[in-house]
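Letters A, B, ... mirror the listed sequences (proteins, then strands); counts begin at 1.
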Amino acid sequence: MKKLIPLIGLLASTGVLAAGPAPATPFPYFVANCFNCHGTEGRVNSAIPSIAGRDREYLEAALTAFKAGTKQATIMHQLAKGYTDEEIAVLADYFSRQK
Amino acid sequence: MTRFNPDRRRLLQALGGSATLLGAAVLPGSALAAPGKNKKLGRVVVVGAGFGGATAAKYLRKWSNGAIEVVLIERNKEFISCPASNEVLAGNRDYASIVHGYEGLKKNWGIKVVHASMIAVDVDKRKVKTDHAGEFDYDRLVVSPGVDFLFGAVAGYDEKAQEKILHAWKAGPQTVALRQQLVDLPDGGVYIQTIPKAPYRCPPGPYERVSQIAHYFKTHKPNSKIIVLDGNDQIISKGKLFKGVWDNDYQGLIEYRPNWNITEVNAETRIVTSEIGDRERGDVINLVPPQHAGKIAHDIGLVNANNRWVNIDWVTLESTAVKNVHVLGDATLSAPLMPKSGHMANQHGKAAAAAIVEILAGRQPQPTLLANTCYSMVDDRRAIHVDSVHRYDSEKKTPLVVPGSGGVSAAPSIEEGLFTRAWAKNIWSDILT
């Protein structure tokens, strides 16, 4: 799954439709779970932080640490436990590419 | 911008290319299943523009990149939020702040918003009939009817009694009226809060309401008292946290009685009676009645669980009773540990939108993850939460809470109070703009 991320990025940057063999990956609709609190596409200006356009590695590290319980939070340490490591990578990649 | 032509897709399939190959090219935030300019994937009619229906309408437009036409039928001219309405009762928030318009859905997303009531559905011809706005054909129908009240479950709670004994469990004029009753209540008066047996809309809602009104009494009418008559055997959401707040901050102000199931109310004497004959008299009574799926769900034959709720397929949110009709939110027979909340209704709206986009694009919808967060304000600044993540179990065919996920606050905090208000602002925006 992680190998897939750069490929998606490539497709996004070039806009090439099926330019070569690509692994199966439907649109990750679950990214919208985050919109409820963090705003549509992760964009907000509020006490709850905006996550759009944040560094991908930071987002992945933060979510992974929330999941492991090594990063403190009021709520994210509970929600992050609901997602697989692969899903966390998809979330980090998705929100890092929102402007 | 990646564009996806359905004809090309069919061609590719015929050539042995797979739908998933194209799926890989469907990029987050870009055109999803967008056809050529004049090619539409179909029309979806959404009935009910609350937390579920309005969200579904927006995300159908967004995720189809405008290829799905959306008609949103809603009888009310404004969106009035139940979440945050308890703060209005306590004077901790302006009523105007929970009232929002539908302009964003029209302007930003090209949704046709029709203010009318649905009066009939022809499920064979796939046609919705409204009371004064004509008929609409659909490829898929989304019904987000919310709840209606079982007034008949409480003897004496007839239409006349409802004018004096308020429920305020749908935000709107009832919210304003209950606030006025609390303002008019003399210091030393008794407020009764009744709570129906679960399941009902917004499990922590009644306990948040009690906390809000306790805060109002403490700061404005310190000789007043709250009697909580709960049809359940304990506080059913965030119990330890609410109890802690009540014991520490509202000591002597709240009397809590579990297993107190109201069966009768007298609006003149303002006396409520339980199933075993216990009686209490209050100066203001807030009676939250037992609930079932909204009336339109009954009218069109969707209700097939205990004669109260709507059974759905948890991949597509399609009714198990009527084909091509998807049902969202509080009206559904809840999955295990899934609350009837505005947050969850929004998630249902997105899940249904995703499934319908996939179906109309000729692909196989996949089960998604659903998350919930319910904040409750316990005074004018501090809040607590409960949250959970629900993943579809393909054997049990229902979403189940991911083991180890979710939980509640460690303690009430000002930080969570700020998050609560941010949550409201952000989710209203996610639904309506």
* Asked: What residue, out of B:I431, B:D387, B:N346, has the most heavy-atom pairs lying under 4.5 Å from chain A?
  ->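 Option with the top pair count is B:D387.
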
Supply the atom-to-atom distance [X] [atom1] to [Y] [atom2], rounded to the nearest 0.5 angstrom.
X: B:Q347; Y: A:F30; atom1: CD; atom2: CZ; value: 12.0 Å
X: A:H38; Y: B:I427; atom1: NE2; atom2: CD1; value: 12.0 Å
X: A:S46; Y: B:F419; atom1: OG; atom2: CZ; value: 8.5 Å

* So does A:R43 have more than 12 non-hydrogen atoms from other groups sitting under 6.0 Å from CZ? ->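 Yes - once you tally the heavy atoms of other residues, nucleotides and ligands closer than 6.0 Å, there are more than 12.
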
* What are the two closest non-hydrogen atoms of A:Y29 and B:V357, and how far apart are they? ->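 Heavy atoms only, the tightest pair is OH-CG1, 3.8 Å.
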
* To do: Return the minimal non-hydrogen interatomic distance between B:V389 and A:L79, and the atom names on each side.
  =>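 Closest approach of B:V389 to A:L79: CG2-O, 3.6 Å.
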
Can you say whether [X] sits under 4.5 Å from chain A via the side chain, the backbone, both, or neither, judging by heavy atoms?
X: B:A410; answer: neither
X: B:H385; answer: side chain
X: B:L370; answer: backbone
X: B:V408; answer: backbone
X: B:T55; answer: neither
X: B:Y375; answer: side chain

* Asked: Does the B:N426 side chain pair with the main chain of A:V44, one donor and one acceptor, at a distance under 3.5 Å?
  ->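 A pair under 3.5 Å: no.
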
* Donor-acceptor pair, B:K350 side chain versus A:F35 backbone, under 3.5 Å? ->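 No, B:K350 side chain to A:F35 backbone: no donor-acceptor pair under 3.5 Å.
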
